[in-house]
Amino acid sequence: SAETAAYVLGLGDDALIYAQRLGEWISRAPQIEEDMALGNIGLDLLGQARALLTRAGQLDGTGRDEDRLAYFRDEREFRCVHLVQQPRGDFAHEMARLLWFSSYQTELYAALAGSADEIVAGVARKATKEVSYHRDHARQWMLRLGDGTTQSHERMQDALNWVSGYTSELFFDDRVSVAAADSGIGVLPSRLLSGATQFVQSVVAEATLVMPDPPLQNARGGRDGVHSQAMGYLLAEMQHIARSHPDATSW
Amino acid sequence: SAETAAYVLGLGDDALIYAQRLGEWISRAPQIEEDMALGNIGLDLLGQARALLTRAGQLDGTGRDEDRLAYFRDEREFRCVHLVQQPRGDFAHEMARLLWFSSYQTELYAALAGSADEIVAGVARKATKEVSYHRDHARQWMLRLGDGTTQSHERMQDALNWVSGYTSELFFDDRVSVAAADSGIGVLPSRLLSGATQFVQSVVAEATLVMPDPPLQNARGGRDGVHSQAMGYLLAEMQHIARSHPDATSW
Amino acid sequence: RGPGGSFDALLAADQRIEPRDDMPDAYRQTLIRQIAQHAHSEIIGMQPEGNWISRAPSLRRKAILMAKVQDEAGHGLYLYSAAETLGVDRSELLDKLHAGKQRYSSIFNYPTATWADAGAIGWLVDGAAIMNQVPLCRCSYGPYARAMIRVCKEESFHQRQGFEILWTLARGTDRQRAMAQDAANRWWWPALMMFGPPDTGEAATGGHTEQSMAWGIKRFSNDELRQRFVDMTVPQADKLGLTLPDPDLRWNAERGHYDFGAIDWDEFWQVLKGDGPCNSQRIAHRVKAHEDGAWVREAANAYAAKQAARATA
Amino acid sequence: RGPGGSFDALLAADQRIEPRDDMPDAYRQTLIRQIAQHAHSEIIGMQPEGNWISRAPSLRRKAILMAKVQDEAGHGLYLYSAAETLGVDRSELLDKLHAGKQRYSSIFNYPTATWADAGAIGWLVDGAAIMNQVPLCRCSYGPYARAMIRVCKEESFHQRQGFEILWTLARGTDRQRAMAQDAANRWWWPALMMFGPPDTGEAATGGHTEQSMAWGIKRFSNDELRQRFVDMTVPQADKLGLTLPDPDLRWNAERGHYDFGAIDWDEFWQVLKGDGPCNSQRIAHRVKAHEDGAWVREAANAYAAKQAARATA
């Protein structure tokens, strides 16, 4: 159905756009090992995105392939959350984002391993191990930064406060998710909240940090294609060469 | 001829790309008056660019209009110098760039007012007053920053040093410029050097600053379409919406 | 008229209060707050449209948009100047904006998601602004009234430009038309909210309307202005060939007005209280520009002081 | 073989020198300089191709490119580790890179102007690098030789990927084909310069070739390797359907090699001395990453120290 396709597309877009942001770290990380680690996480997400977009293009009946969906959709047609769109901040901001996103994805893929859509289930089963590694990577850095120097502690706390304005959107039961959950293909986002939050809380405590107060402002609208300002610029960059060669059939 | 068209295109691209950079200042300037002033300068340059690109599209026989040339050329087909492509720096960097560029353009348009191409001559005559205002604006700020606070003096001097790596390209006699000068339509860039430099030198001295030593590294290649790294990203942003609607005939 | 005059007498005679005139402190404070909020709205309002300058899809549109956003900066300047006649200065007002102690119009906390939003802002947001502002051209405080005359003239130009963007899109490709319709869908309700909460009826929340009317600052109620805006805009939407996203919108021959559906005031209050889509972004953008420019302003002051000292030496 | 051994005897027997072995200080310093330069080249070499990760025109190519640039980081790590066996540490070497006291390969001072450059770098630059590096797999210093074996395996994979990018472009639209040809035009001569200045003849500038050969660090002269590269690459260009930008390039049956035109050594020295298209940009990018990450590395060290203290407490 259209809802199922849109649901899968949203999951794929989250992975695609976050992979795009993580790719920006390559050659800009605090140490060479981290260029590699963030590149690896980006590659895992890109792999998930390709599989999910391909599936979405089958489910929606348009037959669009992964590249058609990634490069030739307009901003309003993307369904990713604002969290993954945010411009690359400092390393603490990236780790705060990664901790929440990987904690969410860990719960998500665990649930989707039993999806009624065999392909989605397959993607989820393969990705489960990947995202659990991502989550552990974020956890290790949260500990180092939270329990490192005074400066790193403050920066990590600031980053946690910042990211809190972007997390509720991950767990919001929009119409499409509800429909996908009803059909047995998806899972209700709100069902993932407590597991993800518990993990984050435990890491935050271990890292001598505190969970932020509820944020004044909460990101919303991504699943309806209303994005944060950064998204248009991200797409301009990502799509420019492909859009510049509309008649190219192969790269 | 092809050379003449390429020459005019290069002048148009310089104006277009610098207008694009100046547009980024709007809502980001140090004071509201300066949002307006930089916007005005950008608008003047955009006006010059539109006239010159239109003329280039007539001269090269392709009949491409200003938008076709601005939005549907690839990076390698642009002919602007690296100076105008550089990402927006701090305000001192912008004033250093503007001082050099407007001093160059003042000499350029004075010479082109006698161009054998009536349209180019007309653009030049109209632009002469504009660029002399731009040059004066840059001069005023050089004085304030150079002879302002210790910090502003240092930042202004740093910016002058930085910009010196990008100025020689403005005055380089590439093949196309030589041909355009021979035909009486253009002017040899090297002929503009001493006038522009004299003006800059006088402002630098008045601003209690010093002319930098010759730079170790000199930008080159813009007139042959080999650009600085920033150019591709600038074009991605500028062209994205137009490229996303290849079948749109009107905006 | 002669110099000075009693505040009440001037008001009663529908004459202008000028800076030299005595005025009640509450009047002065109300005006400062309102003019500052208005000035801040112009300055913050540069951002949503400024977002499209670098990506405008034709050079002509790019030039028009740059000029328009620049005009907004100019409006901000007129208005800060008007406020300064009341004994405050611009930097003080900007500090209050940056600290969240003075507001700007909530409409600018909505994102500009597509190019068509540059059209919708001109058509709907500037249209609503004009409806609010035209009566202010007869405001009791002279400098504010004169600033508004100038602003209104340019705003109506902007409104036509916005209309023209949508007109062109609505006659373009399917995707361009869809973009125009989508923008109208997203901006219609927020534009209606620009007139503020209802003055009367269940949803009314008190507010300063009555006092402002007595002072000749406000001439019409929020609901009156909103109705006028709807009445003006619905035929324009028809002309554009766009649908407005309100199933209850229809002509009421009896009233001689368009009826329209219920406004979601919860959304209004949510955005006003800080939880709009772009609240923190707008202030952060503005504060960054201000902080990045601090050394430049300091240098300009230092240079001016040196020049003054040299002139007297 | 048994523990240790005399340096000269090991060299004479074409055996590997290991970290525990005595070695002349000049040998050690030469190796440190060469391995560090090699490691730096991998790290700086991430930038020109990294420039295309965000804009790669298909998701498959994006994934391949991300993996490739990541491999370069890995190569840098192996090589810094090899250098560390000689008694220096990575941070010291990086400081020298950042301060301009140690070099990286000049080829990375050229810009990547189009997507096709990602192909040309793989095909020509990695191709030339492999030609230089394969003999290093038999280098006299054990840790360096072992690192090179690993690096060469991955590089040849990258070289094939680059070739495949150009192959696809050359069979694509006219504009794609032109892009491939343009990239070949721009990268051909700089790739030939990667083998360094001539060892002999008028243009030779002395250098360390003879000593390095005696030490078993270098196995072939610059000109020999360059000729091999030309001989290998010309038929590949034919297969791609691309022209190499050298009118003097032709098969010489007598020599059994391709003849090729004169290299512009002025350009080589200009770029080497700092006036290449991207010299300052490459270092500035690298230094910024390093400085931006300083607080992170400090935090990691502080945490590790705390953990160690806790473990012993």
Side-chain angles (χ1 to χ4, degrees), chain B residues 16 19-40 42-43 46-47 49-50 53 65-67 69-71 90-92 95 140-141 143-153 155-156 234 237-245 247-251, chain C residues 39 42-47 49-63 65-67 69-74 76-77 80 90-91 94 114-115 165 168-169 171-176 179 285-286 288-290 292-307:
Chain B
L16 174 66
Q20 181 77 0
R21 285 294 181 216
L22 287 168
E24 296 174 13
W25 278 101
I26 300 177
S27 81
R28 296 187 179 90
Q31 54 194 33
I32 300 167
E33 288 82 352
E34 204 54 30
D35 283 306
M36 299 182 70
L38 293 176
N40 254 324
L43 272 171
L46 185 54
R50 294 175 65 190
L53 292 187
D65 66 10
E66 59 182 53
D67 287 333
L69 286 168
Y71 292 101
D90 75 6
F91 190 69
M95 289 304 106
Q140 296 292 345
W141 274 112
L143 299 183
R144 290 191 200 108
L145 300 180
D147 194 15
T149 64
T150 311
Q151 189 197 14
S152 72
H153 180 88
R155 292 178 80 142
M156 195 64 247
L234 179 150
E237 187 174 323
M238 184 174 91
Q239 297 181 334
H240 185 241
I241 302 302
R243 296 257 199 195
S244 296
H245 293 265
D247 53 343
T249 55
S250 174
W251 288 98
Chain C
E42 297 285 354
I43 298 306
I44 296 290
M46 296 169 70
Q47 292 180 38
E49 289 172 286
N51 181 34
W52 286 96
I53 289 175
S54 67
R55 296 177 291 166
S58 79
L59 296 185
R60 176 171 159 265
R61 290 289 178 203
K62 189 191 288 279
L65 187 59
M66 278 175 83
V69 179
Q70 211 190 21
D71 281 347
E72 289 164 359
L77 285 184
Y80 285 123
R90 194 211 302 184
S91 65
L94 284 173
T114 74
W115 164 251
I165 288 176
T168 307
L169 292 176
R171 273 139 201 82
T173 64
D174 288 351
R175 281 168 64 223
Q176 286 178 306
M179 198 194 285
H285 180 114
R286 173 66 216 152
K288 182 170 185 343
H290 192 72
D292 286 353
W295 70 275
V296 176
R297 296 189 301 275
E298 278 162 29
N301 291 338
Y303 178 76
K306 284 187 200 179
Q307 289 295 92

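To find a chain, count down the sequence lines: A is the first, B the second, and so on, and within it residues start at 1.
- When heavy atoms are compared at a cutoff of 4.5 Å, A29(B) approaches chain C solely by way of its backbone atoms N, CA, C and O.
- With a 4.5 angstrom heavy-atom cutoff, L169(C) touches chain B only via side-chain atoms.
- The part of R90(C) that comes within reach of chain B is its side chain, from C-beta onward, which places non-hydrogen atoms under 4.5 angstrom from that chain.
- For W115(C), the part lying under 4.5 angstrom from a heavy atom of chain B is the side chain only.
- Ranked by heavy-atom pairs under 4.5 Å with chain B, the first of A299(C), P57(C), G50(C) is P57(C).
- Neither the backbone nor the side chain of A49(B) comes within contact range of chain C, judged by heavy atoms closer than 4.5 Å.
- When the shell of 6.0 Å around NZ of K306(C) is examined, it contains more than 12 heavy atoms from other residues, nucleotides or ligands.
- Per-residue counts of heavy-atom pairs under 4.5 Å with chain C were compared for I26(B), L234(B), D147(B); the largest is that of D147(B).
- Looking at N40(B), the atoms closer than 4.5 Å to chain C (heavy atoms on both sides) sit in the backbone and in the side chain alike.
- If you measure heavy-atom distances from Y71(B) to chain C, the contacts under 4.5 Å come from the side chain alone.
- With a 4.5 angstrom heavy-atom cutoff, R61(C) touches chain B only via side-chain atoms.
- With sequence neighbours excluded, the residues forming a side-chain hydrogen bond (donor to acceptor under 3.5 Å, both in side chains) with T149(B) are S152(B), listed by chain and number.
- Heavy atoms closer than 4.5 Å to chain B are found in both the backbone and the side chain of S54(C).
- Looking at L16(B), only its side chain comes within 4.5 Å of chain C, counting heavy atoms on both sides.
- Scanning both residues, L46(B) and L59(C), for their nearest heavy atoms gives CD2-O, 4.1 Å.
- The two residues A289(C) and S27(B) make their nearest non-hydrogen contact at CB-O, 3.7 Å.
- For chain C, the nearby parts of L43(B) are the backbone and the side chain; heavy atoms of each come within less than 4.5 Å.
- Contact detail for S250(B) and T168(C): the closest heavy-atom pair is OG-CG2, 3.2 Å.
- Across A73(C) and I32(B), no two heavy atoms sit closer than the pair O-CG2, 3.6 Å.
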Could you go through R60(C) and R50(B), starting from their C-alpha distance and side-chain angles, then the distance that decides it, and tell me whether this counts as side chain to side chain contact (heavy atoms under 4.5 Å, CB included)? CA-CA 8 Å; R60(C) 176 171 159 265; R50(B) 294 175 65 190; 3.3 Å; yes

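- By the side-chain hydrogen bond (donor to acceptor under 3.5 Å, both in side chains) test, R21(B) pairs with E24(B), sequence neighbours left out.
- L53(B) touches chain C through its side chain: at least one heavy atom from C-beta onward sits under 4.5 Å away, while N, CA, C and O do not.
- The choice from A242(B), G23(B), A248(B) that makes the most heavy-atom pairs within less than 4.5 Å of chain C is A248(B).
- With chain B as partner, the option from D292(C), V69(C), L77(C) having the largest number of non-hydrogen pairs under 4.5 angstrom is L77(C).
- Contact between K62(C) and R55(C) at its shortest, heavy atoms only, is NZ-N, 4.4 Å.
- Considering CG of L65(C) and CG of D71(C), their distance stands at 11.0 Å, rounded to 0.5 Å.
- No side-chain N or O of H245(B) forms a donor-acceptor pair with one of T173(C) less than 3.5 Å apart.
- Counting all heavy atoms, side chain and backbone alike, M46(C) lies closest to E72(C) at CA-OE1, 3.4 Å.
- The choice from R286(C), M66(C), R171(C) that makes the most heavy-atom pairs within less than 4.5 Å of chain B is M66(C).
- Between chain C and the residues M238(B), E33(B), R155(B), H240(B), the most heavy-atom pairs under 4.5 angstrom are made by R155(B).
- Only the side chain of I43(C) comes within less than 4.5 Å of a heavy atom of chain B; its backbone N, CA, C and O stay farther away.
- With a 4.5 Å cut-off on non-hydrogen atoms, W25(B) does not touch chain C at all.
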